[in-house]
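Note that the structure is a prediction, hence the values are computed from the model and not measured.
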Amino acid sequence: QVQLVESGGGLVQAGGSLRLSCAASGRTFSTYAMVWFRQAPGKEREFVAARSSSGRNTYYVDSVVGRFTISRDNAKDTVYLQMNSLKPEDTAVYYCAAASNIATMKTPEYWGQGTQVTVSS
């Protein structure tokens, strides 16, 4: 079992930045691929970014390439999502998730409760 707790969401103006954090507890964090998803009002949950357990491989949805960066600190059991040049369309609840391997990053086993990000125009 892995418990995930997100933090760092909030209200920001367009063009601004936020850094989301996700602290993990339970089973060995370093063995999991870590993933960020988001869900905007009235829309389906969307994959945003993933980083492999080793940290060597990263993946992003096209709409955030060049603006978002996923990183992880295995010593702190924490994954981050640095979000720059935010746009109103980035407004969503952001979820952290853990997948047993990067191949299953879009169907992770464990989820956090989500943190709200609101970008005003």
Side-chain angles (χ1 to χ4, degrees):
Q1 192 77 1
V2 176
Q3 292 79 42
L4 303 169
V5 179
E6 301 97 333
S7 61
L11 173 64
V12 64
Q13 288 188 331
S17 298
L18 281 176
R19 188 176 82 155
L20 305 183
S21 301
C22 174
S25 61
R27 291 190 176 179
T28 307
F29 172 80
S30 62
T31 66
Y32 287 86
M34 297 303 297
V35 195
W36 286 96
F37 290 79
R38 65 186 179 186
Q39 188 166 20
K43 294 188 177 181
E44 293 187 353
R45 192 172 294 183
E46 173 189 39
F47 167 83
V48 176
R51 196 164 188 114
S52 61
S53 57
S54 67
R56 288 194 291 268
N57 302 104
T58 56
Y59 303 86
Y60 298 93
V61 67
D62 287 348
S63 60
V64 308
V65 169
R67 299 189 299 122
F68 290 13
T69 302
I70 184 171
S71 61
R72 63 188 295 162
D73 186 338
N74 286 348
K76 295 183 178 180
D77 291 352
T78 302
V79 63
Y80 305 96
L81 186 67
Q82 177 67 44
M83 306 185 294
N84 299 328
S85 301
L86 282 161
K87 304 176 181 180
E89 51 263 43
D90 295 317
T91 295
V93 177
Y94 283 72
Y95 297 90
C96 170
S100 57
N101 61 75
I102 201 66
T104 61
M105 63 182 178
K106 294 189 178 180
T107 54
E109 289 89 337
Y110 302 104
W111 293 85
Q113 83 289 350
T115 186
Q116 176 70 48
V117 172
T118 303
V119 184
S120 63
S121 58

Rounded to the nearest 0.5 Å, what separates atom CD in E44 from atom CD in Q39?
8.5 Å
Can you find a heavy atom in the side chain of N57 that is under 4.5 Å from one in the side chain of M105?
no
Would you indicate whether the side-chain heavy atoms of R51 and V79 approach each other to under 4.5 Å?
no
For the residue pair F68 and Y94, categorise the inter-ring angle as parallel (less than 30°), tilted (30 to 60°) or perpendicular (more than 60°).
tilted
So, for R72 and S53, which heavy atoms are closest and what is the spacing to 0.1 Å?
NH1-CA, 3.3 Å
Set out, in order, the CA-CA distance, both residues' side-chain angles and the distance that settles side chain to side chain contact (heavy atoms under 4.5 Å, CB included) for R38 and V64, then state yes or no.
CA-CA 12 Å; R38 65 186 179 186; V64 308; 4.0 Å; yes
Between A99 and T104, which heavy-atom pair has the shortest distance, and what is it?
CB-O, 3.6 Å
How far apart are the closest heavy atoms of D73 and Y80, and which atoms are they?
CB-CE1, 4.1 Å
Across all chains, not counting sequence neighbours, the side chain to side chain contact (heavy atoms under 4.5 Å, CB included) partners of S120 are L11, Q13
Reported CZ-to-OH distance for the pair F47 and Y60, which is rounded to 0.5 angstrom
9.5 Å
Report yes if the side chains of Q1 and Y110 come closer than 4.5 Å at any heavy-atom pair, otherwise no.
yes
Rounded at 0.5 Å granularity, tell me how far SG in C22 sits from OH in Y95.
13.0 Å
Correct closest heavy-atom pair for P108 and A98 would be CB-O, 3.3 Å
By side chain to side chain contact (heavy atoms under 4.5 Å, CB included), V119 pairs with (sequence neighbours left out) V12, A14, L86, P88, D90, T91, V117
What I'd like to find out is whether the side chain of S71 reaches to under 4.5 Å of the side chain of Q82, using heavy atoms alone.
no
I need the K87 NZ to S63 OG distance, nearest 0.5 Å.
8.0 Å
Aromatic rings W111 and F37: how do their planes relate, parallel, tilted or perpendicular, breaks at 30° and 60°?
tilted
If I take atom NZ from residue K106 and atom CZ from residue R45, how far apart are they, to the nearest 0.5 angstrom?
14.5 Å
How far apart are the closest heavy atoms of M34 and C96, and which atoms are they?
CE-SG, 3.7 Å
Looking only at non-hydrogen atoms, find the nearest pair between A24 and L4 and report the distance.
CB-CD2, 3.6 Å
Decide yes or no on side chain to side chain contact (heavy atoms under 4.5 Å, CB included) for Q113 and E6, but give the supporting numbers first.
CA-CA 7 Å; Q113 83 289 350; E6 301 97 333; 2.7 Å; yes
